[in-house]
Q: 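The following block contains the structure, expressed as C-alpha cells.
Residues: numbered from 1 along the sequence shown.
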Amino acid sequence: MNYNLLSRVGLLLGLATLTACKLPSNQLINAQKPNQGDRSPTTQQTNLIGLSFIKKDNLTNEYRGEIYPIALLINGRYVDVSTDVTTSVRDDLSEDVLLRTFGNQSLLSAMQNFTVLNQGEKLGEFQVQKLGISQFACSTKLTGQGNFSSERSLEAIFNSLPEDQVGGFSGSIGDKQFDESWRWTIALSQYNPAKNATATPDATAEAKYRQDLTTTANALFSQNPQLQDVTGETVVEEISVVDLNQDSQPEVYGLVRQGTDPKNRSSRDARDAGVVGAYANVWLTYSNQQPQTLASQVTPYSAIAARPAYDLITTVDINGDGIQEAIVRNTGYESTSFGIYEYKENQLKQVFSGAGYGC
C-alpha cells in the first residue's frame, strides 16, 4: 500500500475540512457569494496554483524544472500551501532528512500534473517526479522537480520565457554552494482556457487607455498627502488589456508612476530626499466607452526603496466560472509573495495573499 500517497490524500481531505472552519486572515480569505449575473461553476473546482521555475545551475551548466506551490483553491477558498523549511536547514539537517520530515506536508506527491502558461498562453504540460529543496534568497522551500512532456529541452523553454520574469541566487548554505539563474511563470493543476481571445488594441485604443490610466492615477496622486511636494511627469510604465469576464469589453491594468524615476537617480543622492515619487496600480473597466475604476493602490517611494505594491503576472480562470482571476507578485524590500484577485460585483478584490519568500 502506498502510505505516502495516502498521507497526501489525507492532507487534501484535511484542508477541505479546515476550509469549512474559520482560518486566520493571512491564510484564507472567503470568496464572496456571486450575484445572479455571475457565471458560477456548476461544481466546486479544486486547483493548485504554483510557480513554474526553469533553473540554470551556473556551476554545472545544467537545467532543472520545478514547481513552487503557492495556493490551493478548495471549497471556493484559497489556502497557502507553500512549505518553508528554512529553520530546519539552519539546524544543518540534510536534504534527505528534510524530505522525510516535511514531504508529507506537500501536495505535490498527490497533485503532480500541471499546465504551464507563458503570458496567458499554454506553454506545455509539466509533471512533478520527485520532491526537492530549493533556495530562494534567505528562504528554503519545498518544491517539486520534474520535466515537461514535450520534446523541447529545458534550456529551450528557459530561453523562451520573458526576460523580466527572472531571478537567481548565489552563495552558500552550510557546505553547499549555489549559483543559479531562474526564469519563471505560472502553473495550474486545472487549466480553464478563455472562451474569447483578447484582441490587441490598435494605436488609437491604446492611446485612450493610457490617457485614462494617467487621468485616474493623477487623481489618486493628488489625494495623497505624502505626495504634496512630488514633482515630475506621470508615466504609464506597464499596460495590459484583458477581458476578465469574457463580455468582449476590455479591462485595462496599468502601472503608473509619478515623480523621480528611481532608475535615473543614485541612491547616495536620494538617501535623505524622503518621498520622491509614487506608483499606482490601476484597474479600469469600460461602460459605454467610459472608464470605471475596478481597483487601485498608491505606493509612495523614496529612490532607495522604489517599488510598486505588486506586478501583474497573468490573468486566468482559476475556479472554472468563466471569469478570469488576476495573479500578482507582491514586491517587498527583500521579499516576494503572491496575491490573487477576483472580479466580483464590478470590483476587483483580493482573495489571497501569501506564499512568501526572501530575507
Q: If you measure only the distance, is there a donor-acceptor pair under 3.5 Å linking the side chains of Thr83 and Gln105?
A: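 Per modelled atom types, Thr83 and Gln105 side chains form no pair under 3.5 Å.
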Q: Does the side chain of Asn118 pick up a donor-acceptor pair with the side chain of Thr185 at under 3.5 Å?
A: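 Short answer, no.
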Q: List the atom of Tyr279, the atom of Glu237, and the distance in Å for their closest heavy-atom pair.
A: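 Result for this residue pair: CE2-OE1, 3.5 Å.
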Q: Tell me the disulfide bond (SG atoms under 2.5 Å apart) pairs involving residues 326-359, sequence neighbours left out?
A: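 The answer is Cys138-Cys359.
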Q: Using modelled atom types only, decide if a donor and an acceptor are shared between the side chain of Ser106 and the backbone of Leu108 within a distance under 3.5 Å.
A: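 Side chain of Ser106 to backbone of Leu108, a donor-acceptor pair under 3.5 Å: yes, one is there.
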Q: Is there a continuous path of hydrophobic side-chain contacts, each under 4.5 Å between heavy atoms, that joins Val241 to Val256?
A: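 Val241 and Val256: one cluster.
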Q: Suppose we screen for side-chain hydrogen bond (donor to acceptor under 3.5 Å, both in side chains). Which residues come up paired with Arg210, at least two apart in sequence or across chains?
A: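 Residues passing side-chain hydrogen bond (donor to acceptor under 3.5 Å, both in side chains) with Arg210: Glu206.
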Q: Backbone N or O of Phe158 within a donor-acceptor pair of the Arg183 side chain at under 3.5 Å?
A: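 Yes; at least one donor-acceptor contact below 3.5 Å.
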Q: Can you name the side-chain hydrogen bond (donor to acceptor under 3.5 Å, both in side chains) partners of Asn113, sequence neighbours left out?
A: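 By the side-chain hydrogen bond (donor to acceptor under 3.5 Å, both in side chains) rule, Asn113 matches Gln127.
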Q: Taking only residues at least two apart or on different chains, which pairs with a member in residues 46-63 satisfy salt bridge (Lys or Arg N to Asp or Glu O under 4.0 Å)?
A: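 Applying salt bridge (Lys or Arg N to Asp or Glu O under 4.0 Å) to every pair that reaches into residues 46-63, excluding sequence neighbours, yields Lys55-Glu66.
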Q: Counting only N and O atoms by type, is there a donor-acceptor contact under 3.5 Å from the side chain of Gln246 to the main-chain atoms of Lys195?
A: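 A pair under 3.5 Å: yes.
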Q: Assess, by modelled atom type and distance only, whether the side chains of Asp243 and Thr198 contain a donor and an acceptor separated by less than 3.5 Å.
A: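 The answer is no; no qualifying pair exists.
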Q: Under a 3.5 Å cutoff, is there a donor and acceptor pairing between the side chains of Gln292 and Thr285?
A: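 Their side chains do not contain a donor-acceptor pair, so the 3.5 Å distance test is not met.
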Q: Rounded to the nearest 0.5 Å, what separates atom CG in Leu107 from atom OG in Ser82?
A: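 The OG atom of Ser82 is 11.0 Å from CG of Leu107, to the nearest 0.5 Å.
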Q: Sequence neighbours excluded, which residues qualify as side-chain hydrogen bond (donor to acceptor under 3.5 Å, both in side chains) partners of Trp182?
A: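 By the side-chain hydrogen bond (donor to acceptor under 3.5 Å, both in side chains) rule, Trp182 matches Glu180.
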Q: Identify the heavy atoms of Thr140 and Gln135 that sit nearest to each other, and give their distance.
A: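 Distance-wise, the nearest heavy atoms are OG1-OE1, 2.7 Å.
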Q: Could you go through residues 144-156 and list every donor-acceptor pair under 3.5 Å that involves a side-chain atom there, pairing it with any protein atom two or more places apart or in another chain?
A:
from   : atom 1 : to     : atom 2 : distance (Å)
Ser150 : OG     : Arg152 : N      : 3.4
Ser153 : OG     : Ala156 : N      : 3.0

Q: Sorted by first residue and then second, give each salt bridge (Lys or Arg N to Asp or Glu O under 4.0 Å) pair with at least one member in residues 213-235; sequence neighbours left out.
A: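 Non-adjacent pairs meeting salt bridge (Lys or Arg N to Asp or Glu O under 4.0 Å): zero.
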Q: What pairs of residues pass the salt bridge (Lys or Arg N to Asp or Glu O under 4.0 Å) test when at least one of them lies in residues 111-124, not counting sequence neighbours?
A: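 Checked against salt bridge (Lys or Arg N to Asp or Glu O under 4.0 Å) - neighbours excluded - the pairs reaching residues 111-124 are Lys122-Glu125.
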Q: Could you work out, with side-chain contact (heavy atoms from CB on, under 4.5 Å) as the rule, every residue matching Ala205, not counting sequence neighbours?
A: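 Partners of Ala205 under the side-chain contact (heavy atoms from CB on, under 4.5 Å) test: Pro201, Asp202, Tyr209.
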Q: Answer with yes or no whether the side chains of Asn192 and Gln45 bring together a donor and an acceptor at under 3.5 Å.
A: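 Looking only at side-chain atoms, Asn192 and Gln45 do form a donor-acceptor pair, the distance falling under 3.5 Å.
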Q: Do you know the tightest heavy-atom contact between Asn330 and Ser353?
A: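 Taking every non-hydrogen atom into account, ND2-OG, 3.5 Å.
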Q: Does Val298 belong to the same Ile/Leu/Val/Met/Phe/Trp/Tyr cluster as Val230, with side-chain heavy atoms less than 4.5 Å apart forming each link?
A: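 Cluster IDs for Val298 and Val230 match.
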Q: So, using salt bridge (charged side-chain N to carboxylate O under 4.0 Å, His left out) as the criterion, who are the partners of Arg329 when residues are at least two apart?
A: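 Checked Arg329 against salt bridge (charged side-chain N to carboxylate O under 4.0 Å, His left out); matches are Asp311.
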Q: For Asp179 and Asn58, indicate whether the former's side chain and the latter's backbone hold a donor-acceptor pair under 3.5 Å.
A: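 Looks like no, no N/O pair under 3.5 Å.
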Q: With side-chain contact (heavy atoms from CB on, under 4.5 Å) as the criterion, how do Glu325 and Asp317 come out once you've worked through the C-alpha distance, each side chain's angles and the decisive distance to 0.1 Å?
A: CA-CA 6 Å; Glu325 284 69 49; Asp317 180 8; 3.9 Å; yes
Q: Kindly say whether Leu213 contributes a backbone atom to a donor-acceptor pair with the side chain of Thr216 at under 3.5 angstrom?
A: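 No, the answer is negative, given that no donor and acceptor are paired below the 3.5 Å cut-off.
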Q: Can you say whether the rings of Phe136 and Phe53 are parallel (under 30°), tilted (30 to 60°) or perpendicular (over 60°)?
A: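 Rings of Phe136 and Phe53: tilted, 30 to 60°.
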Q: Listed by chain and number, what are the ring pair (Phe, Tyr, Trp, His ring centres under 6.0 Å) partners of Phe221, not counting sequence neighbours?
A: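 Phe221 satisfies ring pair (Phe, Tyr, Trp, His ring centres under 6.0 Å) with no residue once adjacent residues are dropped.
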Q: For Gln347, is there any backbone N or O sitting under 3.5 Å from a side-chain donor or acceptor partner on Glu345?
A: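 Absent.
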Q: Are Leu220 and Val275 linked, directly or through other ILVMFWY residues, by side chains that come within less than 4.5 angstrom of each other?
A: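 Hydrophobic grouping puts Leu220 with Val275.
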Q: Phe338: what forms a ring pair (Phe, Tyr, Trp, His ring centres under 6.0 Å) with it, not counting sequence neighbours?
A: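 With neighbours one apart ignored, the set is empty.
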Q: Donor-acceptor check, side chain of Asn47 to backbone of Ile318, threshold 3.5 angstrom: yes or no?
A: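 A pair under 3.5 Å: yes.
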Q: Does the ring-ring contact (aromatic ring centres under 6.0 Å, His included) test come out yes or no for Phe114 and Phe126, once each step is laid out?
A: CA-CA 5 Å; Phe114 293 83; Phe126 185 92; 7.4 Å; no
Q: In terms of side-chain geometry, is the basic nitrogen of Arg257 or Asp261 positioned less than 4.0 Å from the acidic oxygen of its partner?
A: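 Yes.
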Q: Is Asn319 reaching over with its side chain to a backbone N or O of Asp321, donor-acceptor style, under 3.5 angstrom?
A: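 Between the backbone of Asp321 and the side chain of Asn319 there is a qualifying donor-acceptor contact (under 3.5 Å).
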Q: Classify the angle between the aromatic ring planes of Tyr357 and Tyr68 as parallel (below 30°), tilted (30 to 60°) or perpendicular (above 60°).
A: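 If you compare the ring of Tyr357 with that of Tyr68, the planes turn out perpendicular.
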